[in-house]
Amino acid sequence: MRITVDTDRCVGAGQCVLSAPGVFDQDADGVVLVLDPSPAPADHEAVWQAGDLCPAHTITVYGD
């Protein structure tokens, strides 16, 4: 699994942090930060959910 984010599009909704707090965080302005760009298999479902829930479609998850 691989994760990319487009920080210019992030609206700071925080759905990613709520879904996968070990993988995502937000900076002081609320913009998404990727803490772990290659998360463990145990976190994969939560990461897919974070990508689906992102209202700005900022998060792209690759299953490779």
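In this text the structure is predicted, and so the values were computed from the model without any measurement. Note that the numbering runs from 1 along the sequence shown for the chain.
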From Asp52 atom CG to Cys54 atom SG, the distance as rounded to the nearest 0.5 Å: 10.0 Å
Atom pair CG (Leu53) and CD1 (Ile59), whose distance is rounded to the nearest 0.5 Å: 9.0 Å
Return the set of residues passing salt bridge (charged side-chain N to carboxylate O under 4.0 Å, His left out) with Arg2 (not counting sequence neighbours), or none when no residue passes. Asp64
Validation: residues 41-51 side-chain donor-acceptor distances under 3.5 Å, sequence neighbours left out:
from  : atom 1 : to    : atom 2 : distance (Å)
His44 : NE2    : Pro39 : O      : 3.1

May I have the list of side-chain donor-acceptor pairs in residues 17-29 shorter than 3.5 Å, sequence neighbours left out?
from  : atom 1 : to    : atom 2 : distance (Å)
Ser19 : OG     : Gln15 : O      : 2.9
Gln26 : NE2    : Gly12 : O      : 3.3
Gln26 : NE2    : Gly30 : O      : 2.9
Asp27 : OD1    : Asp29 : N      : 2.8
Asp27 : OD1    : Gly30 : N      : 3.0
Asp27 : OD1    : Val31 : N      : 2.9

